[in-house]
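Notes follow the structure.
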Amino acid sequence: MQWNIDQLRQFVATAEYGSISAASRQLGKAQSAVSTAVSLLEADLGVTLFDRSGHRATLSDAGQLLLREARELLRQAHELDQRARSLAEGSEPRLALAFDEALPYAAINALLGEISERFPELELTLLNGTATEVAEYVEQGRADIAFHFERGPLHDGFDQRHLGTLPQGVFVASGHALLQSDSVGRRDLARHRQLLMCAEDLEAQAYSPRIWRSDSFYTIAGMVAARLGWAVLPVHIAAYDDYPRPLRQVACPSLALPPLPMRMFWPLGRPLGATAQWIGARFAELMRELP
């Protein structure tokens with residue numbers, strides 16, 4: 001088997017442009033060079049690729065079948081070349097990303113779309129979980145990078161980068177008694193059950209003597225929609241429209257809730273490659289662009 005990729009390229013061009021002369025113009029080669037390349041390919045393959053009895057180079061039956069194979073080989077050769085260039089430029093061949101399930105889907109989906117366009121050869125693995133779980137994925141080596149809401153300090157085995165903040169608020173289901181006033185205070189909140197975020201040994205601030213706990217914002221939001229209590233939630237989670245009842249924000253100025261900080265983190269001592277650095281920077285931008 002003596003044929004090569006360049007011969008395949010000239011064969012495909014001749015088939016697509018209908019003649020050797022047209023293919024030579026598109027490829028910027030001498031007509032005789034293209035004709036010789038196609039003839040050598042036919043000799044190496046042991047088949048006639050074109051019927052040359054007319055004015056145009058018409059594919060033979062064998063040529064029609066082998067054209068599909070040639071195009072696929074050229075596609076694979078292009079992917080190999082692109083991946084090699086990406087590796088030579090310092091990009092990672094594969095990455096495993098872990099996302100806190102509470103982060104905005106809109107930003108994550110937009111990020112994945114841009115990764116697909118910018119790094120088409122990247123082998124990508126996605127993991128999801130609670131803030132605690134995604135940290136464990138990195139610690140276990142299952143994920144190279146993780147993104148989550150900050151809930152306390154990371155241990156010494158991680159390096160990190162702050163990505164920005166997202167707003168949070170007090171939410172109840174439509175029809176809840178707390179919506180009867182334009183503004184409520186801490187005493188009003190204390191009269192109703194609070195649904196509290198709790199992960200590992202870290203727990204959100206309790207304002208009511210009656211508490212239910214969960215490690216998932218989505219579980220808490222579902223309980224709020226079921227009128228089981230009120231909760232402090234990220235605004236984007238409360239805004240989703242697939243709850244059995246709409247969630248409504250309660251004005252409570254005395255809480256003065258700060259925005260929720262987010263971070264990206266990875267194993268300490270492992271430098272980020274070009275792809276990982278771009279992903280972190282772009283995800284931070286997409287978070288800032290959220291309405």
Side-chain angles (χ1 to χ4, degrees), residues 79 82-168 197 199-200 202 204 215-218 233-240 257-291:
E79 287 190 356
Q82 291 297 106
R83 177 162 291 195
R85 290 186 182 185
S86 178
L87 293 172
E89 292 170 358
S91 298
E92 302 90 328
R94 60 180 64 88
L95 277 175
L97 308 179
F99 289 96
D100 187 331
E101 63 181 5
L103 291 172
Y105 292 151
I108 294 174
N109 290 338
L111 177 68
L112 296 179
E114 293 188 21
I115 291 173
S116 176
E117 292 292 328
R118 190 178 183 94
F119 307 103
E121 292 81 30
L122 177 67
E123 184 179 312
L124 187 64
T125 299
L126 298 176
L127 301 171
N128 292 279
T130 64
T132 301
E133 288 170 340
V134 297
E136 291 173 350
Y137 295 155
V138 177
E139 191 170 15
Q140 296 164 359
R142 295 181 60 192
D144 300 299
I145 310 167
F147 303 85
H148 73 180
F149 283 116
E150 298 180 18
R151 301 196 185 114
L154 289 168
H155 67 64
D156 294 339
F158 294 125
D159 203 349
Q160 63 180 305
R161 179 181 300 165
H162 178 71
L163 294 182
T165 60
L166 287 175
Q168 59 180 337
M197 168 58 71
E200 283 189 326
L202 301 173
D215 64 354
S216 167
F217 275 127
Y218 286 102
L233 292 170
V235 171
H236 69 276
I237 289 180
Y240 291 137
L257 294 171
L260 288 169
M262 301 168 293
R263 65 185 163 208
M264 163 185 173
F265 59 98
W266 61 95
L268 186 67
R270 182 185 300 174
L272 294 178
T275 304
Q277 292 186 42
W278 181 90
I279 288 173
R282 183 57 184 144
F283 193 49
E285 292 174 355
L286 290 168
M287 288 292 191
R288 291 193 294 270
E289 293 170 5
L290 288 172

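We number each residue from 1, following the sequence as shown. Just so you know, these numbers use all the heavy atoms, side chains as well, and skip hydrogens, waters and symmetry mates.
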Could you report the tightest heavy-atom contact between [X] and [Y], atom names first, then the distance?
X: Thr130; Y: Asp215; result: CG2-O, 3.6 Å
X: Leu163; Y: Gly280; result: CD2-O, 3.7 Å
X: Pro267; Y: Asp144; result: CD-O, 3.4 Å
X: Glu101; Y: Ser216; result: OE2-OG, 2.9 Å
X: Ala143; Y: Leu127; result: CB-CD1, 4.2 Å
X: Leu272; Y: Arg161; result: CD1-NH2, 3.9 Å

Answer whether the closest heavy-atom distance between the side chains of [X] and [Y] falls below 4.5 Å.
X: Ile108; Y: Leu112; result: yes
X: Thr165; Y: Leu260; result: no
X: Met287; Y: Met262; result: yes
X: Leu124; Y: Leu97; result: yes
X: His148; Y: Phe99; result: no
X: Leu268; Y: Phe158; result: no
X: Phe119; Y: Leu95; result: no
X: Ile145; Y: Phe265; result: no

What distance separates [X] [atom1] from [Y] [atom2], expressed to the nearest 0.5 Å?
X: His162; Y: Met264; atom1: NE2; atom2: CE; value: 14.0 Å
X: Glu117; Y: Glu114; atom1: CD; atom2: CD; value: 9.0 Å
X: Leu103; Y: His236; atom1: CG; atom2: NE2; value: 6.5 Å

- Could you check Pro259, Pro104, Pro261 and say which one makes a side-chain contact (heavy atoms from CB on, under 4.5 Å) with Leu166? Pro104

- Query: How are the rings of Phe147 and Phe283 set relative to one another: parallel (under 30°), tilted (30 to 60°) or perpendicular (over 60°)?
  - Reply: perpendicular

- Task: Report the C-alpha distance between Phe149 and Gln168 in whole Å, list the side-chain angles of each, state the deciding distance to 0.1 Å, and finish with yes or no for side-chain contact (heavy atoms from CB on, under 4.5 Å).
- Result: CA-CA 12 Å; Phe149 283 116; Gln168 59 180 337; over 6 Å; no

- Given Thr275, which of Arg118, Glu92, Arg94 fulfils the side chain to side chain donor-acceptor pair (under 3.5 Å) condition? Glu92

- Presence of salt bridge, Glu289 and Arg282, under 4.0 angstrom: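 So Arg282 pairs with Glu289 through a salt bridge.
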
- Query: Short question: side chain of Asp159, backbone of Trp266 - any donor-acceptor pair under 3.5 Å?
  - Reply: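 Between the backbone of Trp266 and the side chain of Asp159 there is no qualifying donor-acceptor contact (under 3.5 Å).
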
